[in-house]
Amino acid sequence: MPDQRKAPVYEALLKYRDARIVPFDVPGHKHGKGNQELTDFLGKSCLSVDVNSMKPLDNLCHPTSVIKESEELAAEAFRAAYCFFMVGGTTSAVQSMILSVCKAGDKIIMPRNVHRSAINSLVLSGALPVYVDPGVNEQLGIPLGMSASEVEKAILENPDAKAVFVNNPTYYGVCSDLKKITDIAHKHGMAVLVDEAHGTHFYFGDGLPISAMDAGADMAAVSMHKSGGSLTQSSFLLIGGNAVNFGVTEGRVRAVINLTQTTSGSYLLLTSLDISRRNLALNGKEIVKKVLDTASYAREEIAKIGGYYAFAEELINGDDIYDFDRTKLSVHTRDIGLAGIEVYDYLRDCYDIQIEFGDIGNILAYISVGDMWKDIERLVSAMAEIKRRFSKDKTGMLEHEYIEPKVVLSPQEAFYGNQQTVPISESAGRISCEFVMCYPPGIPILAPGEMITHEILDHIRYSKDRGCVMTGTEDMDINNIKVIA
């Protein structure tokens, strides 16, 4: 049995540091001696182990020793057949999932409220999206999960599709019936790929929604750096036990990963994955319980303020809200007359509190084991103050985050098509060649290949006016957009 108390990459780095190796390789800062300002900022301990691949430390592109052993330990901890260490973030993991299963012209069934990384994968692979529109909660204005019946309908209408792609959970904490969707897809010979960026903790806590591997999914992209405690940009790509039935093998996936992932994997990131996996494997239940207790307390205190709605499991309907991640502190703000992004800005600018994101109707405060009770009290007090100082009449506020897209071309055709640049205000009726989105959360309002409508332009204009950080177009000010000529 694997020993989850071990951390092979971390232990190998300690041996390397203690051996006092003289470096004549990269990186050029040579244990920090060549860049004193950086060493003073990050610390000698950090710079001394920012090293390159070498025999004692293994090689991320072709692991045979300590990285391989660490990946095996992670696979066992996450109940997967294989686990790949990813140092390009979950974006890289999502792209590797889709590129492993789909080639040019292949169909993939997915919700439209995916992270941009999934649609970027379609640009890279040439795969064709079959969108299943998520449900929309009319009160909150947010996109939900995928209904299993809608997924089955899409499968029956597109029996040649190669895979079904699922967000689980969504940014807001909404979960689909992942087990049922997986069973339906497998029955029709389709692989199931799960963007589990916000579900790392599902593998370790009690009373949480089902994880991708436990649901029988074939691949899952897991952001260890979000709720798993590792450094930013470090993630896992998991492979399920039956994935080989859909051509998903360890060798094939690693070959795909190596198409785009760096050959100079950061040992700081790799070590953080190793240590964080060990911590979760040994202490995960206690960690997740604390997060659940903290989030529950925060929701109760926010409810006492009035006006805000910190939503959770009461939304469950057994369909497009099949389950809910109770660690998520998602709060609806529109009833106090403020867009989520406005509350986000007030929290940061007036109270020195940085939350995860604000959109046109909601905010998300990311709760983790690192949050202290006094910090929750400060957040709640600030939200009460914001309501008292800045609330206003909600008449005229935009009500929906999700607009059903009109797909005209594949993302790849549009991205590489014959293009011209036009003022975005004059682009209605044209086919977009670019993304437009608020970041975070990075879910496109508009994606390549989709028809630009007046409703979409109103949404973009409204989001800009409220202070959302808009990204995606070559024009950094989002005043112009590239469309099919």
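Values below: every heavy atom of this structure, side chains too, minus hydrogens, waters and symmetry copies.
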With a 4.5 Å limit on heavy-atom distance, are the side chains of [X] and [Y] in contact?
X	Y	result
V222	T200	yes
E72	P2	no
I181	E150	no
E301	I376	no
E69	S65	no
D320	P134	no

Salt bridge or not between E71 and R254? Use side-chain N to carboxylate O under 4.0 Å.
yes
Any carboxylate oxygen within less than 4.0 angstrom of a Lys/Arg side-chain nitrogen, looking at K187 and D183?
no
Main chain of [Y], side chain of [X]: is a donor-acceptor contact present, judged purely on distance under 3.5 Å?
X	Y	result
R5	R278	no
E11	A7	yes
E37	N35	no
D58	T64	yes
R277	Q4	yes
N167	N113	yes
N158	A161	no
D218	L193	no
R326	G207	yes

Does [atom1] belonging to [X] count more than 12 external heavy atoms closer than 6.0 Å?
X	atom1	result
K289	NZ	no
K33	NZ	yes
N242	CG	no
H62	NE2	no
K180	NZ	no
K290	NZ	yes

Partners of F357 by ring-ring contact (aromatic ring centres under 6.0 Å, His included), sequence neighbours excluded?
Y171, Y172
Mind checking what makes ring-ring contact (aromatic ring centres under 6.0 Å, His included) contact with Y82, not counting sequence neighbours?
none
Over all atoms of both residues, closest heavy-atom pair of [X] and [Y]:
X	Y	answer
S276	M224	CB-CE, 3.6 Å
A220	M213	CB-CE, 4.0 Å
M470	S463	SD-CB, 3.9 Å
K6	P8	C-CD, 3.8 Å
R17	S48	CD-OG, 3.5 Å

I would like to know whether D206 and K285 meet salt bridge (charged side-chain N to carboxylate O under 4.0 Å, His left out); could you show each step before the answer?
CA-CA 7 Å; D206 292 325; K285 286 194 175 183; 3.7 Å; yes
Does either side chain, that of [X] or that of [Y], offer a donor lying less than 3.5 Å from an acceptor on the other one?
X	Y	result
T294	D371	no
D319	S147	yes
H29	D50	yes
Q354	Y366	no

Can you tell me how far the [atom1] atom of [X] sits from the [atom2] atom of [Y], to the nearest 0.5 Å?
X	Y	atom1	atom2	result
T263	N258	OG1	CG	9.0 Å
I108	Y131	CD1	OH	10.0 Å
D214	F202	CG	CZ	11.5 Å
L144	C175	CG	SG	11.5 Å

Going through the distances and angles, do F311 and I142 end up as a side-chain contact (heavy atoms from CB on, under 4.5 Å)?
CA-CA 12 Å; F311 51 93; I142 62 170; 4.1 Å; yes
Checking side-chain contact (heavy atoms from CB on, under 4.5 Å) for the pair M54/D25: CA distance, chi angles, key distance, verdict?
CA-CA 10 Å; M54 60 189 73; D25 61 350; 3.8 Å; yes
Check step by step if side-chain contact (heavy atoms from CB on, under 4.5 Å) holds for I21 and Y16.
CA-CA 7 Å; I21 300 295; Y16 170 85; 3.8 Å; yes
Would you mind telling me which of V248, I239, V194, L237 makes a side-chain contact (heavy atoms from CB on, under 4.5 Å) with M97?
L237
Taking side chain to side chain donor-acceptor pair (under 3.5 Å) as the test, write out the residues that go with S223, two or more places apart.
T90, K226
Taking only residues two or more places apart in sequence, or in another chain, which ones meet D106 in a side chain to side chain donor-acceptor pair (under 3.5 Å)?
none
Contacts of V87 that satisfy side chain to side chain contact (heavy atoms under 4.5 Å, CB included) - sequence neighbours left out:
L60, Q261, T262, L269, L270
Contact list for residues 265-291, test ring pair (Phe, Tyr, Trp, His ring centres under 6.0 Å), sequence neighbours left out
none
Go through it in stages, so that I can follow the logic: the residues are V166 and V164, the test is side-chain contact (heavy atoms from CB on, under 4.5 Å), and I'd like the CA-CA distance, side-chain angles, deciding distance and then a yes or no.
CA-CA 7 Å; V166 187; V164 175; 4.1 Å; yes
